[in-house]
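Taking it in order: structure first as structure tokens, then the write-up.
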Amino acid sequence: MRRKGLFVALILVAVASVTSAQSLAPSTAQREDAEQLKILQEGANLLRSRKPQEAMSNYFDRVIAFYESKYRDEDRQIYCTRSMVETMGVLAKHAVENPKKSAIAVSSLWCEAYFLRAYAYIELGSLADAKSSLVNAVSRSPLNSQYLSELAFIYQREKDWTKSLETYEAAERVSDISPEQLKNEHLSRAR
């Protein structure tokens, strides 16, 4: 978790890009996502102000709880995606790997909350909790280069060189579907 100011700014750009294509008459899901985005932004501001515990407890955990509650009764596999390309990729990958279980893609905000919570845990010195949060983000967003690179970094800190290399390589492979404004950053981080 490097270059903290740039890191948080890039997260906000990525999250904002998810919601930038909303229609003039937003659906209930779009309104809910806009509310969750605001909560994430407030938490990110606290994180930037070096208040990771408050950001996590009062903001990131709230967003995670919102989406966990919203999709509690969902039988399909749920993925978080940032774009149509990522949605198509993750659903195609799922169909090949799990042909008997259907899947849906939802807003990336749920996974962004896991990702930001991992960052807060790093700031608090809890590598194990950060890893757990990143594993949750990657399991729901397996084609997100940024999440994969940060998980690879955790493996690197744990001196699990094989997993670290494999995860960095996976991050590099999927960096081409990152949002346009983040592709170079994600590819550089993965390499």
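The basis for the numbers below is simple: all heavy atoms, side chains too, and nothing from hydrogens, waters or symmetry mates. Since the model is a prediction, treat every value here as computed from it, not as a measurement.
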Show your reasoning for whether side chain to side chain contact (heavy atoms under 4.5 Å, CB included) applies to S164 and R157.
CA-CA 9 Å; S164 180; R157 293 217 18 216; over 6 Å; no
Looking at N45, is its backbone amide N or carbonyl O close enough to the side chain of S49 to form a donor-acceptor pair, meaning the two atoms are under 3.5 Å apart?
yes
Any side-chain heavy atom of W110 sitting closer than 4.5 Å to one from V63?
no
Q156 versus Y168, side-chain donor and acceptor atoms under 3.5 Å
yes
I need the minimum non-hydrogen distance between T87 and A105, along with the two atoms involved.
CG2-CB, 3.6 Å
Give the table of side-chain donor-acceptor pairs shorter than 3.5 Å for residues 51-59, with sequence neighbours excluded, one pair per line with atom names and distance.
unit_1: Q53; atom_1: NE2; unit_2: S57; atom_2: OG; d: 2.8
unit_1: S57; atom_1: OG; unit_2: Q53; atom_2: O; d: 3.0

Linked, directly or transitively: Y67 and I104 (ILVMFWY side chains, under 4.5 Å):
yes
Could I get the full list of side chain to side chain contact (heavy atoms under 4.5 Å, CB included) partners for K163, not counting sequence neighbours?
Y155, D160
Below 4.5 Å, heavy atoms only, C-beta onward: do L134 and F115 meet side chain to side chain?
yes
Which residues satisfy the side-chain hydrogen bond (donor to acceptor under 3.5 Å, both in side chains) test with Y79, sequence neighbours excluded?
H94
For R173, side-chain hydrogen bond (donor to acceptor under 3.5 Å, both in side chains) partners two or more places apart
none
Is there a donor-acceptor pair under 3.5 Å between the side chain of S108 and the backbone N or O of C80?
no
So side chain to side chain donor-acceptor pair (under 3.5 Å) across residues 136-145, not counting sequence neighbours, yields E86-S141
Before accepting this row, confirm whether a basic side-chain N of the pair E185/R189 lies closer than 4.0 Å to the acidic partner's carboxylate O.
yes
Heavy-atom side-chain contact between K131 and Y121 under 4.5 Å
no
Could you pull out all residues at least two apart from E172 that satisfy side chain to side chain contact (heavy atoms under 4.5 Å, CB included)?
L187, A190, R191
